[in-house]
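Each chain gets a letter, A, B and so on, in the order its sequence line appears, and its residues count up from 1. The structure displayed is predicted, hence computed values, not measured ones.
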Amino acid sequence: MDDQTRMMTGLTGLGGLQQADVGDPDSVRKQQSLGQPQQDIGDILQQIMAITDESLDEAQARCWPEDSPAHWGGSDDPTEGGRAGGGMAGGGLPLNFQHRKHALNCHRMKPALFSVLCEIKEKTVLSIRGVQEEDPPDPQIMRLDNMLLAEGVSGPEKGGGSAAAAAAAAAAGGSPTDSSIEHSDYRAKLAQIRQIYHSELEKYEQACSEFTNHVMNLLREQSRTRPISPKEIERMVAIIHRKFSSIQMQLKQSTCEAVMILRSRFLDARRKRRNFNKQATEVLNEYFYSHLSNPYPSEEAKEELAKKCAITVSQVSNWFGNKRIRYKKNIGGYPAPCYTPDGRL
DNA sequence: ATTAATGATTATCG
DNA sequence: CGATAATCATTAAT
């Protein structure tokens, strides 16, 4: 390994640094103070710190140029909360930045420091390796995905809004003022949700790849002054992707909520209730009062009534359910209407 | 503008 | 699954 050889040479160059000592930050300074110029190490560390800070700030400033996207519903995204609002990149930063980087790379103590960092890392990486991440196929996000697909939000585009509305109106047949209007309205709103969802998703993807690129560039850059294995970069990228996918899940969840609300608003039949026509209620009432002793029409009788009234069987069932309970309430309540304990009806 | 009537939904029970 | 009771959301009536 390249790192290994460099580590070794660097070790000898530093002169007698024992492995046991490296873990303790103070021991490094103590060793330096005795032998080689301590000032150099102090400088070089400071430069590394400065460069790291600056490049991080720069990356963040470029990655999040504007605020978080809009969500529906009330649930705010808790994962979007605390990002450091560090110092904005001033005008002269890049030059200063390049200059310092150059100075650092050319520093004569750099190989030695690199080797020390290699060694420290060699000890700590073992503990990190123990934290192997596994990604179980999250059932939560699977559920959300399935629902979005079923609702046609995340599926393939189904034509423009007006076209879809026209198609719906044409397909509905019958009276054009009844269900087709509401249905097209529903589809329009659904298309709106869908559009927002896709644009947000795209924004997230873009931000994710942008941020990933920045981090990778940063790590590659830093790998010249401190040891970073490709595997670690990979790990970092995986972490970033996980984070962003959790944000995406938030988006999917709020989209699902919006769709649910939309459904309950438009597909709830209570909202488009029409009274049955006079003749239908007459037929139903006739059956009810002529079978008052047993007002429970059989399935067959229900079908016949449904056909006669031009309504569905379940509507007939609803009607008889309502009629029975309301008849009982109106008739049976004379002597002792059921008062509640607090004296109200 | 309030209230009554009414069709539909929901929760609960057997 | 069907019946009931309570409740919702809309329409008709006052």
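- For R326(A) and dG7(B), a side-chain-to-base donor-acceptor distance below 3.5 Å is present, hydrogens and geometry of angles not being considered.
- The cluster map of Ile, Leu, Val, Met, Phe, Trp and Tyr, joined by side-chain heavy atoms under 4.5 Å apart, puts Y289(A) and L305(A) in the same cluster.
- Between the R271(A) side chain and the F266(A) main chain, no donor and acceptor come within less than 3.5 Å of each other.
- Residues E232(A) and P227(A) come closest through the heavy atom pair OE1-O, 4.2 Å.
- The CD1-C1' distance, from I311(A) to dT6(B), rounds to 13 Å in whole Å.
- As rounded to whole Å, 12 Å separates atom P of dA8(B) from atom CH2 of W319(A).
- Scanning all heavy atoms of the two residues, the minimum distance from K308(A) to Q279(A) falls at O-NE2, 4.5 Å.
- The phosphate of dA8(B) (OP1 or OP2) has a side-chain N or O of Q315(A) nearer than 4.0 angstrom.
- Of all heavy-atom pairs between N322(A) and I325(A), the closest is O-CG2, 3.1 Å.
- The two residues T255(A) and V153(A) make their nearest non-hydrogen contact at CG2-CG1, 3.9 Å.
- C256(A) and M147(A) make their closest contact through SG-SD, 3.6 Å (heavy atoms, listed as atom of the first residue, atom of the second, distance).
- Between F288(A) and F320(A), the two ring planes are tilted [angle within 30° to 60°].
- In this structure, L292(A) is a member of the same hydrophobic cluster as W319(A), with clusters built from ILVMFWY side-chain heavy atoms closer than 4.5 Å.
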Quick one: which protein N/O atoms are closer than 3.5 Å to N/O atoms of nucleotides 9-12 of chain B? Pair and distance per line, please.
none

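- Comparing R273(A) and F320(A) by the nucleotide of DNA chain C whose heavy atom lies nearest to each, the residue mapping closer to the 5' end is F320(A).
- Between the CZ atom of R324(A) and the C1' atom of dT6(B) there is a distance of 16 Å, rounded to whole Å.
- Per the geometry, OH belonging to Y327(A) stands 16 Å off P belonging to dA5(B), to the nearest Å.
- The two atoms that bring C208(A) and H241(A) nearest to each other are SG-CD2, 3.4 Å, heavy atoms only.
- In the region residues 282-310 of chain A, proximity to DNA chain B at under 4.0 angstrom, judged on heavy atoms, holds for none of the residues.
- In this structure, the side chain of T312(A) engages the main chain of Q315(A) through a donor-acceptor pair within 3.5 Å.
- Bracketed by its first and final contacts, the part of DNA chain C lying under 4.0 Å from non-hydrogen atoms of chain A reaches from dA3(C) to dA12(C) in 5' to 3' order.
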